[in-house]
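In this chain, numbering begins with 1 at the start of the sequence shown. When reading the values below, keep in mind they use all heavy atoms of this one structure, side chains included, and skip hydrogens, waters and symmetry mates. Everything quoted here is computed from the prediction, not taken from an experiment.
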Amino acid sequence: MNIGNFPIISNNISNRITTGAPHAGFQSDSDAVWMKDGVVQGSAQLLNPDFSARQGYREDYSIRDAAEYLWRQETQTFNLKDLDDPEKSKEFLENWRMQARWDLGIQDGGPTKDEVISAYIQDLQQNGLDGSVDWSALTRELDAFKATSPEELEDGLDYLASRYVAARDKLERNYTGEELTAQLAKLEEVYQAGKSGMIDGYTQALQDNLGLSDSDAQAVRDSFSTILAEKEETYRGALKQVHEAVEQTGPDSVWLKNHDAYIASQLRAADKAGQSEARYSVQDLAAAGQIAQSYRTEIFDASFCGRNEATLALGLSLADMKAETMISKGLVSENMAALLRNSRAQGHENALTALDQALAQRESHLAPGEPKGTFAPVDRSVFQGIYDATLNAFRQNGGDGAGAIRAGASYGQSITAQATARNPQALRWGISMESYWKNFYTAPDAKEVSPLEKSVNRLMEQIGKPSSLGSSAYQKYADSWRDFLAAIGGGGVNIRA
């Protein structure tokens, strides 16, 4: 059962933007999502890894893939100093045009990709590769891990450790003495930068959104370090096996033995680290990342008045119900369960503080004619009341998240009416909130679908997710809950105390 299958994008983008929640300050939909170069840009940036620089990251990295990467690096990397060399400039443009024709599927009688790469492989078989490391390429590869999503976390850790072990092995086989010492020092510099980028980026995302204490954040960092050290040791133990396999590739062994990215891919295929001694396992950290994504969405939108106390309560309660379900199903350790629960109150406070600051900003810049109190401060009793009603229902109904959302919405109608009585001038209460609850279970007419929803729908279709266009606010919460259960293995879970 893989936590990495948890549907990040559908939960964080479609539910964040299309729950039909009334904005705290009537923020325009066009403020939240816009189109840039034909791509939907979301208001809450996700941790999306860049795979473009990573050799053999997820797919099977064949011998031909390894050769093609080398060919591209050799023929399509252009240095500015080559501008003064007509022959080099001409050769670069010819190779670039040839690659473009291949990518476009143009058949014009020129050499085919298969012919070019086959000839290149023959050259590699005759001349081999030297033992140097392409530091700029390796730096780019590892630098890309500064943004790693929860679903890619384990693959990312495996990649970091295997690339390090393979590169170090190549240097140790090809250098000696002071030159080896200098090369290993450079490798440590590049590896530590990539490792720190990943660990610090991921940990900071957890701390900022889940409200981790400094000591908990340090425990997360320590866990990452332990896991990577264990993976490095595992891959070092697999080096002999991989080199023996490479020797069986015949003529290709001449160059493959010094292709550290290929060796790294074979290390990942050969072995995986066993039980970790880290306080938090990779699965723990991935699960925490999934919940942090949901929190991040709510906090970010609250900071632009894209949420109010009621919709924050429903959004964060949905995230916490998912966390409780993972805990009950044994998908996270007792240590991670404690971290998620202990940090929860601070995570809620982060979201409410973000909303309060956004309201204060709006209140300090009232438009002509807007009365004082149009953007009244956060009413924490509204948030806590709806949140408690939702979680209590969840515990009492045996873990039915959709049913708990219904209970939270029912209680929300009465408590937001009380908020209206206390702050009749507040724009987010009164008619706005009454309309939200009235239409909570009603799908909007097609004519009422906002440009925002249409943009999100196009994004969902691009990534193969079912459309939520025209769904009611409740249906989107229910769909998120259904998708979550399917992702962690299907079926409900009885969590009654």
| task | Look up atom OG1 in Thr148 and atom CG in Leu157, then write down how far apart they are to the nearest 0.5 Å. | result | 8.0 Å
| Below 4.5 Å, heavy atoms only, C-beta onward: do Glu309 and Leu355 meet side chain to side chain? | yes
| remark: Between the CE atom in Met326 and the CD atom in Gln290, the distance rounded to the nearest 0.5 Å is 7.0 Å
| Do we see a donor-acceptor contact under 3.5 Å between the side chains of Tyr61 and Gln266? | no
| said: Working to the nearest 0.5 angstrom, can you tell me the gap between Arg341 CZ and Leu339 CG? | reply: 12.0 Å
| field | Presence of salt bridge, Lys438 and Glu434, under 4.0 angstrom | value | no
| query | Are any non-hydrogen side-chain atoms of Tyr295 and His348 less than 4.5 angstrom apart? | reply | yes
| message | Quick check for you: to the nearest 0.5 Å, what is the distance between Thr420 atom OG1 and Gln425 atom CD? | response | 11.5 Å
| request: Anything under 30° is parallel, anything over 60° is perpendicular, the rest tilted; go ahead and classify Tyr387 against Phe383. | output: parallel
| task | Verify the distance criterion only: is there a donor paired with an acceptor across the side chains of Lys195 and Ser225 at less than 3.5 Å? | result | no
| message | Do Arg428 and Met433 make a side-chain contact, defined as non-hydrogen atoms from C-beta onward lying under 4.5 Å apart? | response | no
| request: Determine, for Arg362 against Glu370, whether the closest basic-nitrogen to carboxylate-oxygen distance falls under 4.0 angstrom. | output: no
| query | Between Met198 and Lys146, is any pair of side-chain heavy atoms under 4.5 Å apart? | reply | no
| For the atom pair CZ (Arg279) and CG (Asn335), what is the distance rounded to the nearest 0.5 Å? | 4.0 Å
| said: Parallel, tilted or perpendicular: which one describes the rings of Phe224 and Tyr202, with boundaries at 30° and 60°? | reply: perpendicular
| message | I'd like to know if the side chain of Asp483 pairs up with that of Ser480 as donor and acceptor (distance under 3.5 Å, no hydrogens or angles considered). | response | no
| note | When every non-hydrogen atom of Ile299 is compared with those of Ala354, the smallest separation belongs to O-CB, 3.8 Å
| message | What I want to check is whether the side chains of Asp216 and Gln207 have a donor and an acceptor closer together than 3.5 Å. | response | no
| said: On a heavy-atom basis, which atom in Asp134 and which in Ser136 lie closest, and how many Å separate them? | reply: OD1-OG, 3.0 Å
For residues 406-413, which side-chain donor-acceptor pairs fall under 3.5 Å, sequence neighbours excluded?
unit_1: Arg406; atom_1: NH1; unit_2: Tyr474; atom_2: OH; d: 2.6

| query | Can you tell me if Gln218 and Asp214 form a side-chain donor-acceptor pair at under 3.5 Å? | reply | no
| said: Measuring from atom OG of Ser364 to atom CZ of Phe375, what distance do you get when rounded to the nearest 0.5 angstrom? | reply: 10.0 Å
| message | Any side-chain to backbone donor/acceptor pair from Thr234 onto Glu230? Under 3.5 Å, distance only. | response | yes
| query | Side chains of Glu349 and Arg380: closer than 4.5 Å at any heavy-atom pair? | reply | yes
| Ion pair check, Asp479 and Arg482, cut-off under 4.0 Å | yes
| query | So, do Leu187 and Leu138 sit near enough that their side-chain heavy atoms are less than 4.5 Å apart? | reply | yes
